[in-house]
2 protein chains.
Amino acid sequence: MGKILTMPFDGSKESATATTAPQDVSREDAATFDVLRKMREDILCCALKPDQRLRFGELRQRYGTSVGTLREALSHLVSEGLARTEAGRGFQVAPISLNDFLDLSELRVYLETRTLADAIRHGTDAWEAEIVSSYFLLSKLGKPSPDDPVSLKREWGKRHKRFHDSLVATCTSPWSLHFRSELFDQARRYHWLTMIHARSRRKNEHLELRDAVLARDVALACGLIEKHIRGTVEQAASEVPGLTLEMTKRKKA
Amino acid sequence: MGKILTMPFDGSKESATATTAPQDVSREDAATFDVLRKMREDILCCALKPDQRLRFGELRQRYGTSVGTLREALSHLVSEGLARTEAGRGFQVAPISLNDFLDLSELRVYLETRTLADAIRHGTDAWEAEIVSSYFLLSKLGKPSPDDPVSLKREWGKRHKRFHDSLVATCTSPWSLHFRSELFDQARRYHWLTMIHARSRRKNEHLELRDAVLARDVALACGLIEKHIRGTVEQAASEVPGLTLEMTKRKKA
DNA sequence: AGTCCCGAAAGTTTCGAAAATCCGTTTACA
DNA sequence: TGTAAACGGATTTTCGAAACTTTCGGGACT
């Protein structure tokens, strides 16, 4: 029972391990998990562009790890739909298209409303507190313009995700939450493109959403999030250049 | 994503030493993919039992492959929800519980009806032909009793999956199909338990379903599949011993 | 010119061993 | 006698290299 696992004391009070990332409080899976997270973030933020070929040589240098570890991370990304692999031809970043965005957004409407409704019904004080907190952090930044630096966009993306996650945190259906999370990540790729290109501003839908959720108004909150998702799609469709209905023209020079 | 291809694979043959398979037309990923498929099937059929620890030593012997390959396959299974992994404690088969079955079945009702309705609306002649064909193969076997040999149960499971896949094959939403497929595989674990333990017989719901789909009756077909899924849950809940609401009692012998 | 074949180069896949980690047991000490 | 550190065996995790596959380009033949 006793989970006191006392480390064999090494003398140094502050473990000054300079070699690897020192931010390990509860290291998940160490190297593999770390590489996976970084890589996912890079795909979501289009640092690794859609359809880009992922060669092991470059990746090994970029993330400073071995082939085996990379392979495991890539394998994960494939089953999340963020990468593709074919026969003996290695891996590549999953393509994007308006069709794909439309498809996944339709499913998102269902899963977000389903999880949100359930979360509201099972909401607790701690849940409300986290919503308030994460909204505060989100609003403090304000949606970045295309001209803002990448680091700001990344930070906003993180806070945006945290806010939406907090809304559905008390949902009682693990499977619904799981798929919602995967689809949300998928949508983030398109959100990133919108952030880069779109100049139009939408009104603060997050505030409305927060208040509706805190008021426990299921119908209103679900309606708002549906409008939120659909609005994002329309904005991307009209303002992101090159996001046509079919981006699958495999032009070979 | 794209592993919804329902090719008529013969698989499951012990071709360990059969060096050159006859002109592999569809060789997917050779070793890794092969191990992954075998392992998934073993988990679905409870040859690897829920909560069972998956040690590399045993697995290496069972599947005749290396640690790295196993790791990649296990990694896949984790993101499909068929296995778990924790810190530095290796992998284990995902647990099962009635709660889990109820949760995933509720989501299945939505995804199956959604994909089925869309598939019917976009049905083609080839789609109908495959439905007729796969139903024929399914009905030829008849649902196995608990006393039937494992090989028969496995074959029935394959044909059952192929039939249900054929129904939704023309659905136009890749994401819906993807999640439907994952949930269907999850449900197969519980179907297997039911096949092993349940002795009650249900009427031939597959025939009704087939005819409703071929008649392009969306409402009827969706109603039938909903009843089909819910009926399976009830049968499992009442006839599978040990499938209680909480199976998470961590009894250590 | 066009087509086919063959060899070299680039890249991917698989493997087993070395390093790191965990768990149960023993041992030291109050 | 009880607590906690140290030890040893077992297991996991990571890595780089060997084996294999695909791609590309030159040269001979139609």
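Note: hydrogens, waters and symmetry copies are ignored here, and every other heavy atom, side chains too, is used. Only a predicted model underlies this, so the values are computations on that prediction, with no experimental measurement involved.
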Heavy atoms from C-beta onward define the side chain here; which of [options] lies closest to that of [X]?
{"X": "A:Thr69", "options": "D:dT13, D:dT22, D:dT14", "result": "D:dT14"}
{"X": "B:Thr32", "options": "D:dT12, D:dT13, C:dT14", "result": "C:dT14"}
{"X": "B:Arg71", "options": "C:dC23, C:dT13, D:dT13", "result": "D:dT13"}

In this structure, how many angstroms lie between the [atom2] atom of [N] and the [atom1] atom of [X], rounded?
{"X": "B:Phe33", "N": "C:dT14", "atom1": "CZ", "atom2": "C1'", "value": "17 Å"}
{"X": "A:Phe56", "N": "C:dT12", "atom1": "CZ", "atom2": "C1'", "value": "7 Å"}
{"X": "B:Gln92", "N": "D:dT11", "atom1": "CD", "atom2": "C1'", "value": "14 Å"}
{"X": "B:Leu74", "N": "D:dT12", "atom1": "CG", "atom2": "P", "value": "10 Å"}
{"X": "B:Glu86", "N": "C:dT21", "atom1": "CD", "atom2": "P", "value": "16 Å"}
{"X": "B:Arg89", "N": "C:dG24", "atom1": "CZ", "atom2": "P", "value": "9 Å"}
{"X": "B:Leu59", "N": "D:dT11", "atom1": "CG", "atom2": "C1'", "value": "13 Å"}
{"X": "B:Leu70", "N": "D:dT11", "atom1": "CG", "atom2": "C1'", "value": "14 Å"}

Report task. Not counting sequence neighbours, list each pair that qualifies as a ring pair (Phe, Tyr, Trp, His ring centres under 6.0 Å) and has a residue in residues 84-107 of chain B. Result ->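 Sorted pair list: B:Phe101-B:Tyr190.
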Query raised in the report: Do B:Gln52 and B:Cys46 have side chains that get closer than 4.5 Å, going by heavy atoms?
Result: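 Answer no - side chains too far apart.
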Distance-only donor-acceptor hits, side chain of residues 53-62 of chain A, under 3.5 Å, sequence neighbours excluded:
unit_1	atom_1	unit_2	atom_2	d
A:Arg55	NH1	A:Glu58	OE2	2.7
A:Arg62	NH1	A:Asp42	OD2	2.8

Report all interatomic pairs (protein N or O, nucleotide N or O of nucleotides 16-20 of chain C) with separations under 3.5 Å.
unit_1	atom_1	unit_2	atom_2	d
C:dG16	OP2	B:Arg60	NH1	3.4

Query raised in the report: Using a cut-off of 4.0 Å on non-hydrogen atoms, how would the nucleic acid contact of B:Leu54 be classed: base, sugar-phosphate, or nothing?
Result: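 It contacts sugar-phosphate atoms only.
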Please name all residues satisfying side chain to side chain contact (heavy atoms under 4.5 Å, CB included) with [X], sequence neighbours left out, ordered by chain then number.
{"X": "A:Thr172", "value": "A:Asp118, A:His122"}
{"X": "B:Pro146", "value": "B:Arg199"}
{"X": "B:Ala198", "value": "B:Thr194, B:Gln235, B:Glu239"}

Requested in this report: Indicate whether OP1 or OP2 belonging to C:dG11 is found under 4.0 Å from a side-chain N or O atom of A:Arg53.
Outcome: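 No, no such contact exists.
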Query raised in the report: Distance check: side-chain N/O of B:Arg55 vs OP1/OP2 of C:dC22, anything under 4.0 Å?
Result: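 Negative; the distance criterion is not met.
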Query - Name of the residue among B:His164, B:His160, B:Lys158 meeting side chain to side chain contact (heavy atoms under 4.5 Å, CB included) with B:Leu138 - result: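 Passing option: B:His160.
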